[in-house]
Amino acid sequence: MSVAVPLEKLTASQKKAVLHKEGPLLVLAGPGSGKTRVITCRIAALIESGVRPYHICAITFTNKAAEEMRSRGEASGCRGVWISTFHSLCVRLLRQYAEQAGIKPSFTIYDSGDQLRCMKEAVAACQVDSGSFSPSRMLEFVSRLKNNLEDADSFKAATFDHFGKTAAKVYASYQQILARNNALDFDDLLVKTALLLRNNAQVRTELSNRFQYLLIDEYQDTNHAQYQIARLLAQTHGNICVTGDPDQSIYRWRGADIGNILAFEKDWPKSVVVKLEENFRSCGKILACADKLIGSNTRRKVKQLIATRPEGSDVEFLVADDENAEARLLTDRIQKQIAAGVDPGQIAAFYRVNSMSRPIEEAFIRARIPYQVVRGVEFYARKEIQDFLSYLKLIANPVDDLAFMRAIATHSRGIGKTSVDRLTQFAKDSGMSLLAAADYADHLTSVSSSTRTRIREFAKMIQKFQQDSSGEVAPQMDCVFAETGYADALKNEANTDAIENINELINAAAEYDREAENPSLLDYLQSIALYSDTDAYDAGTSRTSLMTMHAAKGLEFDHVYIAGLEEGLLPHERSVHSPDDLEEERRLFFVGITRARDSLTVTYARHRVLRGQFIRSTPSQFLYEVGFGGEKVSFEEDSYGIEEQEPMINPSSSTPKAGMFKVGEVVIHNTFGTGRVKEFLDLGPDSIVVVQFQSGKTKSLMVKYANLTRAGK
């Protein structure tokens with residue numbers, strides 16, 4: 001096979017990574033260092049050296065990254081390589097080895113809404129207090145256990161307190177409900193694949209022989225289950241290449257373990273390490289800011305960010321009076337850039353939490369700035385979309401009772417809740433799914449004959465759709481929308497927005513049909529289930545992008561604005577009691593900074609409404625860590641509504657010591673009560689004290705406004 005490997009366009013370190021063939025390889029790739037090029041060129045080099053594409057597997061974390069890697073590879077002549085996300089890989093393997101994994105190949109992937117409904121049912125079935133064992137809390141708890149490959153029985157055997165025993169009971173009930181519906185949640189995809197590889201030597205050998213060269217991108221974001229999958233696939237031949245950057249590990253909250261990449265050389269003693277330090281994205285001053293920030297972290301692999309572009313303009317830091325003034329400030333800056341000829345599509349505004357987008361959106365609307373909010377999963381969470389998808393899920397997986405209950409209730413069809421409840425009890429007593437039980441609706445003597453007829457007709461309708469469910473998906477969806485009566489119901493309600501959203505969904509399915517080699521309803525539903533926020537980003541539109549820093553991972557823009565550099569927001573208030581969490585918040589800011597190519601502007605609001613309360617904000621400690629007040633960062637006050645100008649002080653300045661607090665000291669606050677000092681940041685007049693109060697809450701307070709008194713005084 002003829003492939004193109006442009007070695008002359010690679011740096012020395014990139015070339016070393018590309019040409020490495022046998023044995024483990026760790027590529028430490030800083031932001032903007034050409035990581036994707038290295039991976040695709042490495043695939044091409046392997047094929048050129050005689051490796052069959054069939055034997056190469058490349059895994060990344062987002063659908064967009066996988067698609068980019070796939071298109072680049074095909075452009076270089078690399079066809080036939082298995083390129084996918086971790087979850088997509090697991091789905092394909094579980095469908096192929098369903099019997100060995102103990103599941104049915106037609107399983108449904110439950111999204112977060114479906115999982116919550118299942119967990120509510122599990123909590124109710126276990127007759128436990130939903131206040132102490134809330135479904136959302138139980139989902140988080142079970143997810144952590146699954147990521148560590150711990151099932152309900154093993155957890156139950158290892159725990160001895162009341163909470164643990166009860167949680168194990170709920171966990172077991174939740175899994176039973178999933179199994180009854182032939183459904184897997186996102187964690188199950190990874191867990192069942194890891195257990196399949198661990199427990200079935202034949203399958204492990206087959207897949208190890210198939211995937212003789214394993215390439216894993218974003219290795220710093222792997223959790224324990226993903227770590228085990230990679231280790232088990234490569235343990236025979238040792239040809240595992242991982243790329244990543246510990247400084248960009250930002251998913252600890254969903255199970256990612258930075259220790260996986262930090263311990264790679266220990267796990268694979270014969271590994272070769274290559275550092276990609278040249279940055280081809282950002283101007284020098286932006287990189288200097290990022291480098292200075294991340295240097296405060298301890299859990300990392302030391303590397304430099306070497307700029308290959310000019311120094312560029314200073315990083316700007318702007319102060320506004322409140323979040324509305326902050327939004328106007330961003331709007332004014334962006335308007336001027338657009339007026340000067342900047343493409344709006346090359347401008348982005350980032351924030352820590354989604355709720356911060358509201359004032360920015362409102363300001364953009366008033367200023368008539370075209371924008372897109374990169375929050376794609378919300379489209380699939382809309383009621384009409386979920387209602388319509390319930391028909392498709394039931395067609396693909398006839399034992400999905402959750403889908404049945406939602407589909408039959410999408411609109412009025414003469415089948416009330418009481419009738420569905422009686423059908424549900426009949427199905428439970430008979431050991432059948434709801435769809436199967438609907439065929440025997442005549443046995444529901446407590447239900448009127450006309451309702452029994454309608455239940456049977458609903459079942460026959462779904463069964464007819466199942467017979468015609470092969471091939472392209474969009475025509476099936478058109479048929480389902482019309483023949484279920486759902487389209488007419490929405491028209492009668494004059495719900496044009498819902499109709500337009502479903503038409504948009506069908507248009508997206510038509511695009512899927514065009515791109516898929518073998519389109520199928522099951523595969524289409526799988527692609528929706530694995531859809532992420534980042535997948536919603538449309539690079540081809542001339543609109544400014546608004547998104548969280550988590551969603552910005554993997555993207556880049558000429559001009560970046562980062563809003564809300566305040567204690568409690570960035571770093572988030574949940575991180576103040578944990579050094580590991582604080583380091584992750586710093587990495588998140590690092591990711592935001594390094595998305596910028598030409599200019600970076602960071603903002604801070606003196607006041608902000610949080611959870612309905614108008615509070616005085618405290619500048620983020622990260623601002624001082626990047627050298628605010630030094631030569632690298634400029635400072636500008638916003639004029640909107642500021643009556644009192646208070647310059648921020650560089651922590652290196654001389655500061656009064658009278659207001660200092662010692663760690664461990666007991667203090668009293670008028671509102672929060674008694675607490676103990678966990679940390680004191682000496683910033684002179686703007687000094688910050690972190691206090692853990694007896695209520696269990698930890699607060700970051702600006703000393704000059706907190707009015708703290710020492711206990712006993």
Side-chain angles (χ1 to χ4, degrees), residues 30-37 62 64-65 67-68 71-72 248 278-290 305 307-318 326-352 356-357 360-361 363-376 532-565 588-603 633-634 636:
S33 60
K35 173 168 59 72
T36 303
R37 168 180 282 190
T62 67
K64 273 194 178 299
E67 183 56 38
E68 180 185 1
S71 61
R72 285 200 196 183
Q248 297 185 72
E278 295 95 338
N279 180 288
F280 304 97
R281 176 189 300 156
S282 304
C283 289
K285 290 188 177 181
I286 294 173
L287 285 185
C289 178
L305 297 180
T308 60
R309 297 187 60 203
E311 284 287 280
S313 58
D314 287 343
V315 174
E316 287 190 293
F317 178 71
L318 309 179
E326 180 182 54
R328 294 195 299 271
L329 187 154
L330 295 181
T331 301
D332 285 353
R333 288 292 178 118
I334 292 170
Q335 270 187 315
K336 290 175 182 176
Q337 286 181 312
I338 295 173
V342 174
D343 178 3
Q346 287 302 323
I347 304 172
F350 304 154
Y351 33 78
R352 177 62 178 84
M356 293 175 64
S357 72
I360 302 175
E361 285 189 72
F364 273 37
I365 291 169
R366 286 192 295 270
R368 298 185 179 180
I369 295 176
Y371 72 94
Q372 61 174 325
V373 180
V374 182
R375 200 160 61 214
S532 68
D533 275 342
T534 304
D535 297 326
Y537 170 65
D538 184 358
T541 182
S542 286
R543 292 181 290 169
T544 298
S545 297
L546 307 181
M547 69 188 80
T548 66
M549 276 172 282
H550 282 102
K553 180 78 179 296
L555 304 177
E556 57 185 69
F557 302 89
D558 286 347
H559 308 283
V560 167
Y561 295 81
I562 303 178
L565 261 292
L588 184 60
F589 187 29
F590 176 82
V591 166
I593 291 171
T594 54
R595 300 309 93 195
R597 284 191 283 254
D598 299 331
S599 75
L600 172 66
T601 303
V602 179
T603 66
V633 187
S634 65
E636 181 175 319

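- What you find for Pro370 and Ser542 is that their closest heavy atoms are CG-O, 3.8 Å.
- Using a cutoff of 4.0 Å between basic side-chain nitrogens and carboxylate oxygens, Arg281 and Glu556 are scored as salt-bridged.
- Using a 3.5 Å distance cut-off with no hydrogens or angles, the side chains of Thr603 and Glu326 do pair a donor with an acceptor.
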Discussion item. Assess the residue pair Tyr371 and Ile360 against the criterion (side chain to side chain contact (heavy atoms under 4.5 Å, CB included)); give the C-alpha distance rounded to whole Å, side-chain angles, the decisive distance to 0.1 Å, and a yes or no.
Written reply: CA-CA 10 Å; Tyr371 72 94; Ile360 302 175; over 6 Å; no
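- Between the CD atom in Glu278 and the OG1 atom in Thr308 there is a gap of 8.0 Å [rounded to 0.5 Å].
- You'll find the side chain of Ile562 stays beyond 4.5 Å of the side chain of Arg352, heavy atoms only.
- For the atom pair CG of Leu588 and NE2 of His550, the computed distance is 4.5 Å after rounding to the nearest 0.5 Å.
- Residues Tyr351 and Met549 have side chains not in contact (no heavy-atom distance under 4.5 Å, counting atoms from C-beta outward).
- Just one residue in the list Arg595, Arg309, Arg597 forms a salt bridge (Lys or Arg N to Asp or Glu O under 4.0 Å) with Asp558, and that residue is Arg597.
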Practice prompt. Go through Leu600 and Tyr561 one step at a time and tell me if the side chain to side chain contact (heavy atoms under 4.5 Å, CB included) criterion holds.
Written response: CA-CA 6 Å; Leu600 172 66; Tyr561 295 81; over 6 Å; no
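- When every heavy atom of Ser313 is checked against every heavy atom of Asp598, the shortest pair comes out as OG-O, 3.9 Å.
- Here the CG atom belonging to Leu330 is positioned 8.0 Å from the CG atom belonging to Leu318, to the nearest 0.5 angstrom.
- Taking 4.5 Å as the limit, some side-chain heavy atom of Pro31 sits within range of a side-chain heavy atom of Gln248.
- For Ser282, the side chain to side chain contact (heavy atoms under 4.5 Å, CB included) test picks out Asn279, Ile286, Leu287, with sequence neighbours left out.
- Thr544 is listed as a side-chain neighbour of Phe364, based on a closest heavy-atom distance under 4.5 Å.
- The two residues Gly345 and Phe557 make their nearest non-hydrogen contact at O-CD2, 3.8 Å.
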Item to complete: Starting from the C-alpha separation in whole Å, work towards a yes-or-no answer on side chain to side chain contact (heavy atoms under 4.5 Å, CB included) for Ile347 and Ser545.
Response: CA-CA 7 Å; Ile347 304 172; Ser545 297; over 6 Å; no
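- Of all heavy-atom pairs between Gly34 and Phe280, the closest is N-CD1, 4.3 Å.
- When side chains are defined from C-beta on, Ile369 does not count as touching Arg543, because their heavy atoms never get closer than 4.5 Å.
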Practice prompt. Assess whether side chain to side chain contact (heavy atoms under 4.5 Å, CB included) is satisfied between Ile593 and Val560, documenting all intermediate values.
Written response: CA-CA 8 Å; Ile593 291 171; Val560 167; over 6 Å; no
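- With contacts defined as side-chain heavy-atom distances shorter than 4.5 Å, the pair Glu316/Val602 does not qualify.
- Put simply, the side chain of Val342 reaches to within 4.5 Å of the side chain of His559, judged on heavy atoms.
- To the nearest 0.5 angstrom, Ile338 atom CD1 is 14.0 Å from Arg333 atom CZ.
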